[in-house]
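Encoded as structure tokens, the structure appears first; notes follow it.
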Amino acid sequence: MSSIDGTLGGMASAQGKGVSPVRIVYGGDRFLNTQNMRDLCHEACERRPDAELVELDAAECDAYAFDEAVSPSLLSDVSIVEIRNLQSVDDRLGDALIAYTKQAKADPSNSSMLICQHEGGPKGKRILDAMVRAGAQRIDVPDLKKADAKINFVYQRFEREGRRVDPLAAQQLVGVLGEKTGELAAMCSQLCFDFDDEVIGLDRVNQYLIANPQVTGFMVADKAMEGRTAEAIVAMRSAIEQGTDPIALIGALAMKLRTLAKASAVKSGAISQAEAKTNPWVLKNATRQLPGWTSAGLSRCIRMLAWADEQSKTNGGDPVYALERSIETIAVKGRG
């Protein structure tokens with residue numbers, strides 16, 4: 001299996017050495033697959049700041065659109081072309097991809113970079129294999145089905161944040177969220193964001209997780225965002241009864257709102273997706289939730305959560321009541 005670090009290094013040395021600047025991220029865990037694509041594109045853009053980034057979907061684009069993407073333009077002589085859903089490519093586009101891979105292998109210095117994503121499985125295998133034979137590098141993504149692989153993934157997420165995690169804490173995270181890689185990654189990031197401990201221990205993890213793996217702060221937040229007020233409040237009370245600190249639930253709700261605000265900013269053009277510094281799949285889900293929200297409504301919800309946070313840290317405060325009010329406000333998208 002090709003490592004992502006080795007692949008990035010290979011992209012850096014591809015110029016002038018006869019190494020094809022074509023990569024195919026193949027199969028494995030969906031979250032990791034997307035993360036590898038994002039990392040490759042980010043690294044390519046850093047190494048070729050003069051190149052134009054073009055995003056294509058193989059399920060929708062044709063050979064003409066691809067040829068246009070890899071050809072010189074008024075903005076740049078070369079491009080970084082990201083192609084999603086390679087498994088859905090048709091024969092004409094597939095033939096164009098194979099021909100381009102051969103051409104790029106022969107002249108990498110003057111060729112655009114091509115980074116393709118394949119979800120795995122037999123669909124589109126003829127094109128995939130032909131591109132690899134033509135010189136493309138296939139990067140096999142792990143599937144994270146085994147417990148050891150999931151625990152190693154947790155260690156890696158903390159390392160990405162410059163932090164460490166206690167082995168028992170890592171096992172607890174995997175035990176509760178191991179079947180949801182995206183939520184597992186988000187929880188690791190949230191723990192690092194909320195706590196300054198050099199090593200995140202089991203006690204910190206247990207503040208955010210409860211005995212019932214189906215009831216987490218993220219689940220409470222999801223129900224609130226979907227407008228399911230009663231279900232969200234019941235889940236919130238259940239979580240607190242099982243030992244979850246109210247501040248953890250406030251943190252989960254706050255993270256949802258921050259992501260929603262970033263999605264709104266990206267959609268309006270105020271910031272780019274790269275500037276949002278959020279996983280693309282998370283932004284995509286948040287964008288779907290934007291209809292019905294207004295800037296005023298979002299601001300009201302954020303103020304309500306700030307009040308709930310104050311209630312949870314003040315002697316004599318009522319964080320449960322504050323959480324209920326916050327959930328009710330979020331469920332109606334901040335409308336009075």
Tell me whether [X] is salt-bridged to [Y], with the criterion being a basic N under 4.0 Å from an acidic carboxylate O.
X: D29; Y: K145; value: no
X: E324; Y: R237; value: yes
X: R133; Y: D129; value: no
X: R160; Y: D39; value: yes
X: K256; Y: D222; value: yes
X: E198; Y: R164; value: yes

At their closest point, which heavy atom of [X] faces which heavy atom of [Y], and how far apart are they?
X: S112; Y: P21; result: O-CG, 3.8 Å
X: K333; Y: M225; result: NZ-O, 4.3 Å
X: R163; Y: C192; result: NH1-O, 3.0 Å
X: S20; Y: R23; result: O-NH1, 2.6 Å
X: A331; Y: T229; result: CB-OG1, 3.1 Å
X: A185; Y: F153; result: CB-CZ, 4.0 Å

Derivation and outcome, side-chain contact (heavy atoms from CB on, under 4.5 Å), residues V81 and M113: CA-CA 6 Å; V81 182; M113 295 182 180; over 6 Å; no
Just wondering, more than 12 heavy atoms not from [X] lying within 6.0 Å of its [atom1]?
X: Y64; atom1: OH; result: no
X: R92; atom1: CZ; result: no
X: D50; atom1: CG; result: yes
X: E161; atom1: CD; result: yes

Can you tell me how far the CD1 atom of I233 sits from the CZ atom of R228, to the nearest 0.5 Å?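 It is 13.5 Å, given to the nearest 0.5 Å.
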Between atom CG of L177 and atom NZ of K150, what is the distance when rounded to the nearest 0.5 Å?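 It is 11.0 Å, given to the nearest 0.5 Å.
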Measure from NZ or CZ of R258 to the centre of the six-membered ring of F193, then state whether that distance is under 6.0 Å and the direction lies within 45° of the axis.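 Judged by the rule, R258 and F193 form a cation-pi pair.
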Distance under 6.0 Å and angle within 45° of ring axis: R138 vs Y26: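 Here R138 passes the 6.0 Å and 45° test against Y26.
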Do [X] and [Y] have side-chain N/O donor and acceptor atoms under 3.5 Å apart?
X: Q87; Y: N85; result: yes
X: N33; Y: R30; result: no
X: E52; Y: S73; result: yes

Ignoring hydrogens and geometry, is there a side-chain-to-backbone donor-acceptor pair from [X] to [Y] under 3.5 Å?
X: H42; Y: A274; answer: no
X: E275; Y: S272; answer: yes
X: S264; Y: L260; answer: no

Less than 4.5 Å apart, any side-chain heavy atom of [X] and any of [Y]?
X: I240; Y: P246; result: yes
X: L93; Y: D62; result: no
X: I139; Y: L40; result: yes
X: I80; Y: L114; result: no

Taking it one step at a time, do C116 and V25 satisfy side-chain contact (heavy atoms from CB on, under 4.5 Å)? CA-CA 6 Å; C116 304; V25 179; over 6 Å; no
Set out, in order, the CA-CA distance, both residues' side-chain angles and the distance that settles side-chain contact (heavy atoms from CB on, under 4.5 Å) for Q117 and I24, then state yes or no. CA-CA 6 Å; Q117 181 184 47; I24 302 172; over 6 Å; no
After noting the C-alpha distance and the side-chain angles of D166 and I200, does the key distance pass the side-chain contact (heavy atoms from CB on, under 4.5 Å) rule? CA-CA 6 Å; D166 182 88; I200 299 295; over 6 Å; no
Does D107 form a side-chain hydrogen bond (donor to acceptor under 3.5 Å, both in side chains) with N110? I'd like the steps, not just the answer. CA-CA 6 Å; D107 186 17; N110 298 309; 3.3 Å; yes
